[in-house]
Each structure stands twice: as structure tokens, then as C-alpha cells.
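Below is one structure; the comments refer to it alone.
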2 protein chains.
Amino acid sequence: MDTADSASTGTERSRGRKGKRAVRRTQTASMADVARLAGVSSQTVSRVSNGYAGVNEETREQVLAAMKELGYRPNSAARALKRGEFRTIGVITFNLSTTGNMRTLEAIATSAAQEGYAVTLLPVAVPTQDEVRGAFSRLGELAVDAVIAIMEVHLLDAATISLPPHVQVVVADSDAGDRYAVVDTDQAGGARAAVRHLLDLGHSTVWHLAGPEESFAAQRRTDAWHAALTEAGRVPPPLVRGDWSAESGYRAGLRLADERDCTAVFAANDQMALGLLRALHERGRKIPDDVSVIGFDDIPEAGSFLPPLTTVHQDFAEVGRLCVEGVLRRMRHGGPEHGTTLVPTKLVVRGSTAPPAGDA
Amino acid sequence: MDTADSASTGTERSRGRKGKRAVRRTQTASMADVARLAGVSSQTVSRVSNGYAGVNEETREQVLAAMKELGYRPNSAARALKRGEFRTIGVITFNLSTTGNMRTLEAIATSAAQEGYAVTLLPVAVPTQDEVRGAFSRLGELAVDAVIAIMEVHLLDAATISLPPHVQVVVADSDAGDRYAVVDTDQAGGARAAVRHLLDLGHSTVWHLAGPEESFAAQRRTDAWHAALTEAGRVPPPLVRGDWSAESGYRAGLRLADERDCTAVFAANDQMALGLLRALHERGRKIPDDVSVIGFDDIPEAGSFLPPLTTVHQDFAEVGRLCVEGVLRRMRHGGPEHGTTLVPTKLVVRGSTAPPAGDA
DNA sequence: CGTCGCGATGTTTACGTAAACATGCCGTCC
DNA sequence: GGACGGCATGTTTACGTAAACATCGCGACG
């Protein structure tokens with residue numbers, strides 16, 4: 001039997017297809033090959049492959065053995081074609097190099113994997129609407145069932161048109177959009193906590209080193225800072241602006257060092273806070289004795305700054321997880337839910353904040 | 001009622017199937033739809049879609065118009081099934097959170113996009129062989145033509161078995177493997193440059209804060225440090241080991257601060273250097289006057305450390321680019337080239353290194 | 001004792017695309 | 001002027017899978 005079988009297979013192969021096809025046969029086995037070896041129909045192989053219930057235990061084991069022997073792997077292209085879905089989530093983003101985006105991406109990939117979804121990355125070189133539109137257009141041809149965008153909503157405007165209509169979109173790290181579901185850190189809550197912490201220490205007001213104007217995240221931190229001060233009856237000092245980089249924080253710090261009544265600064269991220277620390281140190285302002293500094297993000301290095309940085313911890317992993325959860329739920333239930341999901345922040349107090357000099 | 005209902009359903013089904021199809025038609029148009037509207041055969045649509053030469057200009061425009069009207073997008077699953085390739089590169093890695101891996105990934109994604117390839121991410125939670133093997137096994141079912149692994153080669157051992165044989169593998173950030181093509185930074189060259197820089201400044205020897213034992217990158221930096229010292233006729237001080245984290249650098253720094261003859265330290269990465277700076281500062285050792293510190297990586301923040309960190313710059317973007325180039329070349333030419341491609345490093349001198357006290 | 005139902009398995013078909021092959025038309029060359 | 005070559009386009013087929021439908025055998029129940 002066995003001999004006859006393999007002989008017939010060999011004959012068929014050499015007769016049926018020549019060269020290239022034969023080679024390919026040896027490379028990847030199809031369901032038909034497995035079926036032949038196991039002595040069942042390809043449909044039964046399919047049932048085993050997909051964990052279908054109604055298969056005799058004995059048959060299943062035969063099939064599994066045949067799969068193993070041939071090194072069978074389901075062809076995901078054929079699967080996707082048949083099922084009409086790819087089990088893949090596309091992530092569109094520019095600038096992977098910020099801690100936040102990267103950590104969010106990592107969490108997205110992990111969560112997606114747990115749900116049996118793969119993650120396809122779509123980098124956008126320049127954050128212009130044209131670039132984003134191009135990326136979305138490519139995504140349209142891409143094998144994805146859903147899209148998570150890690151960017152500002154306004155960059156998505158007019159870009160979505162080219163997306164296949166059944167593809168769901170969730171946006172991370174952006175303002176509250178009414179066209180998309182948004183998952184974001186509670187920027188406002190974190191900023192308020194930072195300001196309140198400094199006020200509680202006894203500082204009369206808090207300066208703010210803001211992120212770039214075009215960033216909604218920065219805008220919301222700034223708004224919350226302003227609101228928290230105003231609510232407490234304090235006068236917000238003039239705004240100082242950076243561009244997220246440590247270098248810009250350094251430049252801002254050189255200016256702030258000359259403001260003698262500046263005893264507390266809330267930097268919109270940890271990198272700028274780092275630059276700030278350096279500038280203040282160079283100008284002889286002791287931290288936290290002369291000036292308290294607080295950051296935002298809680299990057300892994302923050303605890304090793306000089307001095308260790310008090311900052312607002314963001315749970316990027318949770319953001320990523322919620323993005324995946326949201327996009328999958330929307331895919332399954334179809335309903336295009338809008339609105340924003342907020343992930344809480346946590347104040348991490350370290351050594352860069354203290355009561356103002358002369359106090360306590 | 002039941003009978004009528006099911007009968008009606010049954011009747012409906014043949015028609016209802018059409019209905020469903022119609023609904024789906026409105027979602028995604030196929031080549032057949034475009035062909036019908038344009039009054040040509042689907043093959044002609046295919047030719048236009050793929051930029052085939054032999055199509056009359058007039059016909060082509062008709063087809064393009066029809067495509068636009070229907071919002072046609074090629075179905076990548078069908079395409080992949082027919083062509084036998086996915087135009088996708090899988091990237092397997094754990095721990096995206098290191099600067100290097102992340103930047104490499106970013107470059108891979110960008111380069112791949114330029115070549116018309118998508119990048120699928122496959123995170124591995126724990127860097128054990130079992131985990132990696134599982135990831136590879138999943139990759140086997142995944143829609144990828146090639147794999148780039150950002151990890152140590154020894155973690156790949158015994159895992160490749162489950163990879164489809166035609167899938168090419170390139171490894172980044174690892175030791176010179178004889179089973180895979182490897183692209184890596186010139187760790188040794190960078191480490192030598194760091195040591196020589198410190199010796200040239202007049203330090204009698206250079207201490208080394210090494211990365212974890214299981215890392216080949218760390219091992220190679222350590223080996224090069226040792227070799228450079230020995231070649232210069234110096235006696236290598238005892239090795240101090242960290243785990244890449246700033247915290248471990250801090251702990252190591254506390255110990256090093258007590259070594260009064262320690263005037264120069266080469267840290268295996270910038271994060272550990274950061275911790276080192278903090279520890280030395282806390283113990284009253286001035287940098288660079290009492291102790292010179294040099295790092296490795298040149299993370300964006302390095303220039304804002306206190307003081308700005310002299311370090312060895314790694315070109316992660318180039319590593320990523322070469323990985324993509326290598327994997328594509330191997331796919332096209334078939335030949336499994338082994339061997340290592342090295343990307344040069346560059347010494348960046350900032351403020352954390354100086355001649356030893358008493359010198360000059 | 002026939003048929004009904006059900007569990008296990010086989011057969012047919014369609015998913016959307018593109019290679020391979022087929023057709024039909026027109027100009028050219030001998 | 002007829003065969004031939006080449007170009008534009010149409011027709012057939014296969015990629016590997018899985019849903020839908022078909023079959024087959026067997027135990028149960030009326």
C-alpha cells in the first residue's frame with residue numbers, strides 16, 4: 001500500500017507538473033497533499049486545521065500525523081481570500097522614536113498577538129497630510145482588517161476617504177475626535193496632578209515648559225496646567241515652549257534660570273525636563289532647593305536623572321491594549337463608536353521636587 | 001410558520017445570496033466589476049492594475065476611470081495566493097523598548113516600504129528559546145516572505161526548523177553567525193575607539209561597565225575593551241557588570257566611586273552611563289575632572305546629560321536598511337549568504353571626558 | 001421493520017487574481 | 001495577394017482554502 005501510494009505520487013508529480021512546480025511541492029505542502037497522505041478528503045484536513053468539532057479522534061490523529069510529516073502550514077493568503085479577513089491590524093504612525101509611541105506600539109503588538117492578530121507597520125516619513133494620505137492609500141491595498149493610528153486626528157483629515165469602508169480606525173495619542181474612536185492618556189488629569197503637587201509643596205505658582213503648538217497632547221497639558229493654576233487662584237506665568245527634545249528643554253532652562261521668582265517648573269515631557277535640569281544646574285540653580293522640576297511620561301531613565309525626576313507616569317501599555325480591544329470590538333459589533341477612552345496617569349514623586357527655599 | 005419561514009429563507013437564500021453578494025459588492029469591487037463597467041475582460045484590468053505594457057492607451061484610461069468610480073482596490077489576499085508571495089517582511093523581536101531595537105525597527109519599516117514591502121511585527125514576550133520557537137512557528141503560518149530577527153543568534157537555535165524553507169532570515173544585533181546572515185554595528189571598533197580616546201587623553205587605564213553576560217553585543221564590547229587595553233600595554237581593571245539599565249549603572253557607580261584609582265570608565269551603553277554619572281556625582285566625584293565617562297549608543301538625550309556624554313554613535317538606521325537590503329537580495333538571488341555585515345560607529349566627544357586630574 | 005436523525009466524512013464550488021494560452025486584427029514582406 | 005509576425009485583447013485555468021451541500025452508515029424510535 002505504502003509503496004504503491006508513494007509510487008503513484010511520484011509518478012503523478014513527475015508527469016503532472018515539471019520542474020518548478022515539483023520543486024514547489026516539496027517546499028510547501030497543501031491541504032490536498034496532507035489529505036492524500038492521511039487518506040481523507042481535504043475538507044477533513046480543513047476541519048482538523050481549524051479545530052472543528054465533528055471529527056473522529058482517530059481520523060484527527062491521522063491527519064495531524066500527516067501534517068507533521070509533510071510540515072504542513074496553512075496558506076494564509078488562501079485563508080484570507082476565503083474568509084475575507086486577514087487577521088491583521090495595521091498601525092500607521094510617523095516618528096516611532098518617541099518613547100510613548102514606541103511603547104504603545106509594543107503593547108499593540110502584544111495585545112494583538114494574544115487575540116491571534118498580526119500587526120503590520122506602516123511608517124510615514126513626514127507628518128504631512130499628503131504623506132498620511134499616501135500611507136492610508138497604501139494601507140487600502142494592504143492586508144489589514146483594521147487600523148490603529150498613533151498620531152494627531154487632524155493629520156487624518158481627508159485621508160480616510162481612501163480607506164476601504166469596512167476597515168475600522170482607532171486613534172491613539174490624539175485629541176478627542178468625533179469621527180474616530182480615540183484612546184489616550186489622561187493628559188489633563190496628569191497635568192493637574194503635577195501642578196497640584198507643586199502647589200501643595202508651597203510654591204506660589206508653577207511655570208510651564210510646553211510641547212510644540214501643533215501637538216494636541218501638548219495643548220491639553222498646557223490647558224490643564226493653566227486651569228489648575230487659575231482654579232487655585234494663582235497667576236500663570238508666561239508660557240515657555242519647547243519641541244519635546246532635551247535640547248529645547250536646555251534652551252528654555254537657560255532662560256528660566258534668569259527668572260528669579262521661578263521656583264517650580266512643569267515640563268511637558270521628561271526629555272525637556274532633562275535639558276532643563278542641565279541648564280539650571282549650569283546656571284547654579286540647585287534642584288530641588290532653588291527650583292522644583294516635574295516631568296511627564298516617566299521614561300525608564302527618569303529615576304536616574306540628577307536629581308531623580310518627579311514625573312507623571314503614563315501607562316502606554318494600557319493605551320495600546322485598549323486600542324486593540326477597541327478596534328476588535330468595533331470590527332465584531334460593527335458599530336462605529338466615537339468618543340474618547342482615557343487611561344489614568346500616576347504621579348511619581350522622586351527627588352526633583354521640594355518645598356520652595358525658605359519654606360518649612 | 002416555521003416551515004414557511006425556513007422555506008422562505010431557503011428561497012431567499014438563492015436570491016439572498018445574491019443580495020449578500022450585492023452588499024459586498026458595494027464594499028469592495030473586484031476586477032470583474034471593473035471589467036464589466038469598463039467593457040473589457042478582467043485580464044485587461046489585471047494588466048492595467050499591474051502596469052503591464054501592452055495595453056492601448058484609450059483602453060487603459062477607460063479601465064482607470066472604472067477603477068476610480070468603483071473605488072477598486074486589488075485584493076492582496078488573492079494576489080498573494082496567485083503570486084505565491086506576500087510582499088511582507090516579518091520582524092521578530094522581544095523588548096522593543098531599547099533605543100537600538102526600536103530605531104532599527106523604524107529603519108526596517110521605512111526601507112521595506114520603499115521597496116514596496118510591508119512589515120509585520122512579531123513580539124516575543126520572554127526571550128527564551130521556547131518563546132522564540134513559538135513565535136517562529138506562528139510566523140510560519142504568517143503571511144511573510146522573509147524574516148528579520150533582532151536578537152541574539154543563540155535564541156534562534158532550534159527555532160528555525162519550523163520556518164518554511166524558502167523564507168530567508170537575517171539577524172540584526174547579534175554575534176557573527178554561520179547559519180544566518182548577520183548585520184550589526186561594529187561593536188568592537190566602537191569599543192576600541194572609546195578606549196583609545198580615553199588612553200589618548202592620558203588615563204593610565206580604563207574601567208569597564210559591561211552589559212549582561214548573555215548579550216553578545218555586550219560581550220563583544222567587553223572583549224574589544226580588553227584587547228585595546230592589552231595591546232596598549234595596560235592592565236585591565238576588574239570588570240564591573242550591569243544589565244543595561246540606568247539603575248544598574250547607578251549601583252555600579254556607587255562601587256566605582258570608592259576606587260580611588262579609577263579615573264576613566266567606559267560604559268557599555270548610555271543608560272548605564274547615566275546612572276554612573278548620578279552615582280559619581282552623589283559621591284562627590286567631579287566629571288570629567290575626577291572621572292571621565294564614556295557611553296555607547298548616542299541616544300538622543302546623551303547630549304543633555306550632566307555633563308553632556310561622550311559616547312559612541314551607532315547608526316541604527318543603516319543597520320535596519322542593510323537588513324532589508326540583505327533579506328531582499330537573498331530572496332531574489334536565492335543564495336543563502338552567511339557572514340556578517342558591519343556598520344561603522346563614530347566617536348562623539350562631548351563633555352564627560354577629559355585628561356586625568358593633575359595632567360596637563 | 002422502516003425511516004428518521006445525526007454524526008462523520010466526501011464533493012462541489014467560489015473567493016479574486018494573474019499566468020498561460022487563444023483569438024482576431026492589421027500591416028508588411030516576398 | 002497570401003502567409004506571417006506582432007500587438008491588443010479575450011478565455012481558461014489554477015493558486016489553497018472553507019462554506020455549503022451531499023452522502024453514507026448506524027442506532028433509535030414509532
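Just so we're on the same page: letters track the sequence lines, and every chain starts at 1.
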Between P of D:dC7 and CZ of B:Arg60, the distance in whole Å: 15 Å

Nearest-nucleotide pick for A:Ser30, side chain only, options being D:dT9, D:dG16, C:dT9: D:dG16

Check against side-chain hydrogen bond (donor to acceptor under 3.5 Å, both in side chains), B:Asp33 and B:Ser30: CA-CA 5 Å; B:Asp33 301 317; B:Ser30 76; 3.3 Å; yes

Between D:dA14 (P) and B:Leu81 (CG): distance, integer Å: 14 Å

Of the listed nucleotides C:dG16, D:dA19, C:dA8, the one nearest the side chain of A:Asn56: C:dA8

Candidates D:dC15, D:dT17, C:dT17 - which lies nearest the side chain of A:Met31: D:dT17

Phosphate OP1/OP2 of C:dT9 contacted by A:Thr59 side-chain N/O (<4.0 Å): yes

Sugar-phosphate only, base, or nothing, as touched by A:Val45 at under 4.0 Å among non-hydrogen atoms: nothing

Side-chain donor or acceptor of A:Ser49 paired with backbone N/O of A:Val45 under 3.5 Å: no

Under 3.5 Å: donor-acceptor pair, side chain of B:Asn50, backbone of B:Tyr52: no

Interatomic distance, B:Arg73 CZ vs C:dG16 P [rounded to whole Å]: 16 Å

A:Asn50 CG to D:dG16 P, straight-line distance once rounded to whole Å: 17 Å

Sugar-phosphate only, base, or nothing, as touched by A:Thr44 at under 4.0 Å among non-hydrogen atoms: sugar-phosphate

Nearest-angstrom distance from the residue atom CG of B:Asn75 to P of C:dG16: 7 Å

Distance below 4.0 Å between A:Ser46 side-chain N/O and D:dA18 OP1 or OP2: yes

Check: C:dG10 base within 3.5 Å donor-acceptor of A:Arg47 side chain: yes

Donor-acceptor pair, side chain of B:Ser46 and main chain of B:Ser42, under 3.5 angstrom: no

Comparing A:Gly54 and A:Ser42 on DNA chain C - which has the more 5′ nearest nucleotide: A:Gly54

Sugar-phosphate only, base, or nothing, as touched by A:Tyr72 at under 4.0 Å among non-hydrogen atoms: sugar-phosphate

Touch class at under 4.0 angstrom, heavy-atom based, for B:Ser49 against every strand present: nothing

Nearest-Å distance for atom pair CZ/C1', residues A:Arg79 and D:dC15: 16 Å

Exceeds 12 heavy-atom contacts within 6.0 angstrom, atom CD of B:Glu57: yes

N/O (side chain, A:Arg83) to phosphate O (OP1/OP2, D:dA19) under 4.0 Å: no

Pair A:Val324-A:Tyr117, side-chain contact (heavy atoms from CB on, under 4.5 Å): steps then yes or no: CA-CA 9 Å; A:Val324 171; A:Tyr117 275 73; over 6 Å; no

Between C:dT9 (P) and A:Gln43 (CD): distance, integer Å: 12 Å

Atom-pair distance (NZ on A:Lys82; P on C:dG16), nearest Å: 10 Å

Nucleotide nearest A:Ser41 when distance is taken to its side chain, options D:dT17, C:dG10, C:dA18: C:dG10

